[in-house]
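Notes follow once the structure below has been shown.
Basis for what follows: all heavy atoms, side chains included, without hydrogens, waters or symmetry-related copies.
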Amino acid sequence: MSPLSQLQPGSTGTLRALDCSRSFRRRLMELGLLPGTEVRLIRRVSVGDLVEIECRGCHLSLRLSEAERLFVDPA
């Protein structure tokens, strides 16, 4: 397992663990980021340290610090 932030743009992985606070974990799960879900890193945005991901057909933006707490198995 590696942090989601370590994926290269265009790479996919299967979400395995969410290592964050209970309220933030619940919010991510409401957005569809559940363990076992396939996610794809679309791009990194250097302004504001953001990453854009695709999950279940939706595009989401996360802070880099948040993406480092989501662990995936690279495809």
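- Two residues are said to be in side-chain contact when any heavy atoms from C-beta on lie closer than 4.5 Å; I42 and R40 meet this criterion.
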TODO: Kindly indicate, with the supporting measurements, whether the criterion side chain to side chain contact (heavy atoms under 4.5 Å, CB included) is fulfilled by L70 and V39.
DONE: CA-CA 11 Å; L70 305 180; V39 295; over 6 Å; no

- [ ] Test salt bridge (Lys or Arg N to Asp or Glu O under 4.0 Å) on R27 and E30 and set out the steps.
- [x] CA-CA 5 Å; R27 178 68 180 139; E30 288 172 351; 3.6 Å; yes

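- Annotation: side chain of P74 is not in contact with side chain of S11 (no heavy-atom distance under 4.5 Å).
- You'll find the side chain of F71 reaches within 4.5 Å of the side chain of P3, heavy atoms only.
- Between I53 and L4 there is a side-chain heavy-atom pair separated by less than 4.5 Å.
- With sequence neighbours excluded, the residues that form a side-chain hydrogen bond (donor to acceptor under 3.5 Å, both in side chains) with R16 are D73.
- Residues M1 and L41 are members of separate hydrophobic clusters, defined by side-chain heavy-atom contacts under 4.5 angstrom among Ile, Leu, Val, Met, Phe, Trp and Tyr.
- How far OG of S2 is from CD of E68: 11.5 Å, rounded to the nearest 0.5 Å.
- Residue L15 holds its CG atom at 7.5 Å from SG of C55, rounded to the nearest 0.5 Å.
- Panel note: side chain R56, backbone G32; a donor-acceptor pair is recorded below 3.5 Å.
- In this structure, the side chains of T12 and L7 stay at 4.5 Å or more apart for every pair of heavy atoms.
- A donor-acceptor distance shorter than 3.5 angstrom exists from the side chain of R44 to the backbone of S5, with no hydrogens or angles considered.
- With contacts defined as side-chain heavy-atom distances shorter than 4.5 Å, the pair V45/V51 does not qualify.
- Here the side chains of L28 and C20 are in contact, with some heavy-atom distance below 4.5 Å.
- Distance CG/L50 to CG/L62: 8.5 Å, rounded to 0.5 Å.
- Considering CG of L33 and CG of L18, their distance stands at 7.0 Å, rounded to 0.5 Å.
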